[in-house]
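So the structure is just underneath, and the comments pick up after that.
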Amino acid sequence: MSSTVKAVILVGGQGTRLRPLTCNTPKSMVPVLNIPFLEHVLRNLKAHDITDIILAQHHLPAPMLQYFGDGARFGVHLTYVMEDSPRGSAGAVKNAEKYLKNTFLVLNGDIFHNRDFTDMLAFHRRNHAKATIDLAPVEDPTIYGMVDTDEQCRVKRFIEKPKREDVTTNLINAGTWIIEPEVLQRILPDVKCSFEREIFPSLIHDGEPLYAYPSYRYWMDMGTPEKYLQLHRDLLDDKCEGYPSDRNVIKGKNCRIHPTAKLSGKIVLGDNCTVAAGAKITGPVVLGSGCRIGRRVVIEDSVLWDNVKVRARAVLRSSVIANDCAIGAEVYLRDAVLGDHIRLPTGSKPETGVRLFPEEMSGNT
């Protein structure tokens with residue numbers, strides 16, 4: 001792919017659908033297989049020789065800068081562009097207009113996929129498109145943007161979050177677009193504006209060539225805790241090309257696993273994890289760095305972030321636990337989502353599906 005092609009990644013959202021996981025962590029920094037989501041995106045872009053990348057920021061920008069810096073450690077060059085207030089998808093890109101003189105990509109900051117950007121760009125240029133929308137099939141198009149096309153994949157109609165009676169296809173706007181710089185002339189500066197609701201429909205109205213690129217590669221909107229957990233199931237189940245593993249248990253450095261602990265299924269352990277006697281961990285499971293799993297603990301189908309302590313005989317099933325939480329002895333959690341620093345007292349049994357925000361519940365363990 002041409003080195004002149006840049007990418008803009010929209011990482012300014014507050015990640016409200018992912019709360020409580022995003023109370024202290026921007027959604028682009030939420031860990032996926034123990035590395036920030038955004039790092040996966042950068043790796044895929046670099047694999048297609050897209051190394052000049054703009055991060056359109058607003059909410060909690062500091063963690064990204066601290067972790068990624070100028071991008072050199074990851075083989076890319078990062079430019080940070082800050083919005084003083086949210087301006088929508090098109091407004092955020094308009095804010096970076098001075099960096100965009102040639103064809104560029106735009107990626108939403110909460111979509112995990114392994115798109116073939118090289119092939120998508122070739123499709124875009126072959127059709128002389130002003131913009132090309134990546135499409136993905138979903139079961140329920142009503143919560144996304146539905147895209148109708150003709151036989152040549154030219155977009156006829158774009159409906160954001162259609163009513164069920166208006167659904168004519170299961171192909172939806174997948175949150176990755178290739179755009180020519182002149183399209184930015186349609187966006188007024190310093191105003192809130194959406195590609196999906198305003199700019200793409202205006203291109204259709206004016207007869208400009210707007211095309212759709214259907215892709216059946218892996219795609220996941222990880223914008224809710226449920227989908228975030230499903231993403232980990234999928235990656236550990238080898239459903240996304242580029243993420244296979246022939247090892248069931250992948251351990252980081254300095255992990256200590258007691259000989260009587262039973263680990264089965266696909267499991268990823270970060271550095272410095274401890275698993276005590278009699279613990280039973282059944283994948284798909286991801287443990288972040290510094291996790292301490294007590295005696296006879298049961299963990300199934302769950303993701304734990306860094307420095308989580310789980311005391312003896314606690315049970316965690318289908319749950320997501322954020323950084324620095326402490327789960328007391330004999331606590332039972334199912335379908336739970338805990339924000340950072342939650343401490344659950346010994347023997348407590350929150351209701352199934354509970355979501356706890358950092359300030360909501362505390363106790364001694």
Side-chain angles (χ1 to χ4, degrees), residues 14-39 59-68 222 224-225 228-229 231-232 251-257 267-276 279 281 285-295 297-350 353-365:
Q14 296 186 18
T16 53
R17 294 183 300 149
L18 258 176
R19 289 179 180 170
L21 301 176
T22 49
C23 288
N24 302 314
T25 303
K27 63 183 179 181
S28 60
M29 297 299 292
V30 165
V32 175
L33 299 181
N34 284 339
I35 66 172
F37 160 77
L38 183 57
E39 187 172 340
H59 180 67
L60 293 177
M64 280 173 268
L65 179 60
Q66 292 168 1
Y67 184 88
F68 291 105
M222 63 162 217
T224 67
Y228 172 75
L229 182 57
L231 171 63
H232 281 83
K251 294 187 293 184
K253 300 176 182 177
N254 302 317
C255 289
R256 293 179 297 169
I257 302 174
I267 299 169
V268 176
L269 305 178
D271 296 341
N272 303 307
C273 288
T274 301
V275 181
I281 303 178
V285 166
V286 177
L287 303 184
S289 296
C291 287
R292 295 168 59 184
I293 310 303
R295 292 178 296 106
V297 163
V298 174
I299 302 177
E300 300 173 356
D301 183 34
S302 294
V303 176
L304 281 60
W305 292 9
D306 293 346
N307 303 312
V308 175
K309 299 177 183 177
V310 186
R311 304 296 189 190
R313 298 179 301 282
V315 177
L316 280 65
R317 292 189 168 100
S318 302
S319 296
V320 181
I321 314 297
N323 295 319
D324 303 305
C325 287
I327 311 301
E330 300 182 2
V331 169
Y332 179 85
L333 293 175
R334 186 181 185 91
D335 300 323
V337 183
L338 274 57
D340 297 325
H341 311 298
I342 299 295
R343 313 185 88 77
L344 295 180
T346 294
S348 60
K349 291 179 171 53
V354 69
R355 296 192 184 194
L356 295 179
F357 287 70
E359 69 278 9
E360 280 192 2
M361 187 171 184
S362 62
N364 295 319
T365 58

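Since this is a predicted model, take the numbers as computed values, not measurements. Values below: every heavy atom of this structure, side chains too, minus hydrogens, waters and symmetry copies.
Side chains of Leu38 and Tyr67 form no contact here, defined as non-hydrogen atoms less than 4.5 Å apart. At least one side-chain heavy atom of Leu229 sits less than 4.5 Å from a side-chain heavy atom of Val303. Side-chain contact between Val337 and Pro20: present, with at least one pair of heavy atoms (C-beta onward) separated by less than 4.5 Å. Between Val32 and Tyr228, some side-chain heavy-atom pair lies under the 4.5 Å cut-off. Residues Phe37 and Lys27 are not in side-chain contact: their nearest non-hydrogen atoms beyond the backbone lie 4.5 Å or more apart.
With hydrogens and angles ignored, the 3.5 Å screen pairs no side-chain donor or acceptor of His232 with any backbone N or O of Ser302.
Here Asn254 pairs with Asn272 under the side chain to side chain contact (heavy atoms under 4.5 Å, CB included) rule; sequence neighbours left out. Arg313 meets the side-chain hydrogen bond (donor to acceptor under 3.5 Å, both in side chains) test with Glu330; sequence neighbours excluded. For Phe68, the ring pair (Phe, Tyr, Trp, His ring centres under 6.0 Å) partners at least two apart in sequence or on another chain are Phe74. Under the side-chain hydrogen bond (donor to acceptor under 3.5 Å, both in side chains) criterion, Ser289 pairs with no residue at all, not counting sequence neighbours. For Asp271, the side-chain hydrogen bond (donor to acceptor under 3.5 Å, both in side chains) criterion is met by no residue, not counting sequence neighbours.
Here the shortest heavy-atom pairing between Phe357 and Ile342 reads O-CD1, 3.0 Å. When every heavy atom of Ala279 is checked against every heavy atom of Gly294, the shortest pair comes out as CB-O, 3.7 Å. For the pair Gly347 and Val331, the tightest heavy-atom approach, listed with the atom from each and the gap, is N-CG2, 4.0 Å. Of all non-hydrogen atoms in Asn34 and Gly270, the two that sit nearest each other are ND2-N, 3.6 Å. Scanning all heavy atoms of the two residues, the minimum distance from Pro26 to Pro63 falls at CD-CG, 3.9 Å. Nearest heavy-atom pair, Pro36 versus Met29, reported as atom, atom and distance to 0.1 Å: CG-CE, 3.8 Å.
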Exercise for review: Give the C-alpha distance, both sets of side-chain angles, the deciding distance and a yes or no for side-chain contact (heavy atoms from CB on, under 4.5 Å) between Leu304 and Ile293.
Suggested key: CA-CA 11 Å; Leu304 281 60; Ile293 310 303; 4.2 Å; yes

Can I get a per-line list of side-chain donor-acceptor pairs under 3.5 Å for residues 316-329, giving both atom names and the distance, sequence neighbours left out?
unit_1, atom_1, unit_2, atom_2, d
Arg317, NE, Glu300, OE1, 2.9
Ser318, OG, Asp301, OD2, 2.7
Ser319, OG, Arg317, O, 2.9
Ser319, OG, Asp335, N, 3.4
Ser319, OG, Ala336, N, 3.0
Asn323, OD1, Asp306, N, 3.0

